[in-house]
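Have a look at the structure that comes next, please.
Note that the coordinates shown come from a computational prediction; the quantities given were computed from them, not determined experimentally.
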Amino acid sequence: MGRKLASLIGLVVVALVFTTAISLILRWQILSVMFWTGVALIALGIMSGISGRPTTSHVFDGDSSQHQSHQNVEVPNLGQKSIAKMASFGNQVRVDFEYGIIFIISGIILLSVSNILS
């Protein structure tokens, strides 16, 4: 718990330093930069928590006739397989916020500070 708290405090401090540097370099308002940094941290935390098996398929470039014939044969099969995969999509995607929660909480802290100060 202490290690996660130290990571949270460190990330908030780094985000505040980043926010201050961006606002000074680009001459933007520090509260708006802090707000958008918080939004970015929340989005990064949500995206880092999603994992699972990928359900995409690879189709060749189609440079040669062999690849084109392979596409003609395999694309309908891949379509049927992807329909079956999408039916079980809920079983394949896992959401684990063990590491992303630090980004989410630090983003919420930045959003709260920018809202309180504005």
Legend entry - Side-chain cluster (under 4.5 Å, hydrophobic types only) that I116 belongs to, other residues: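 Once heavy-atom contacts under 4.5 Å are chained together, I116 still belongs with nothing else.
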Inset, instruction - Go through L110 and L16 one step at a time and tell me if the side chain to side chain contact (heavy atoms under 4.5 Å, CB included) criterion holds. - result: CA-CA 8 Å; L110 285 179; L16 287 174; 3.5 Å; yes
Side-chain donor/acceptor pairs under 3.5 Å, residues 100-109, sequence neighbours excluded:
unit_1, atom_1, unit_2, atom_2, d
S106, OG, I102, O, 3.0
S106, OG, F103, O, 3.0

Using residues 21-34 as the side-chain source, report each donor-acceptor pair under 3.5 Å to any protein atom, sequence neighbours left out, with the distance given to one decimal.
unit_1, atom_1, unit_2, atom_2, d
S23, OG, T19, O, 3.2
S23, OG, T20, O, 2.9
S32, OG, Q29, O, 2.9

Inset, instruction - To the nearest 0.5 Å, tell me how far L41 CG sits from I46 CD1. - result: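 Interatomic distance, L41 CG to I46 CD1, rounded to 0.5 Å: 11.5 Å.
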Inset, instruction - Determine, using the 4.5 Å side-chain heavy-atom cutoff (strictly less than), whether V113 and V13 are members of one ILVMFWY cluster. - result: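 Yes, it is one cluster - the side chains of V113 and V13 are joined through contacts under 4.5 Å.
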Legend entry - All side chain to side chain contact (heavy atoms under 4.5 Å, CB included) counterparts of V39, not counting sequence neighbours: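 If we apply the side chain to side chain contact (heavy atoms under 4.5 Å, CB included) test to V39, skipping adjacent residues, the hits are F35, W36, L111.
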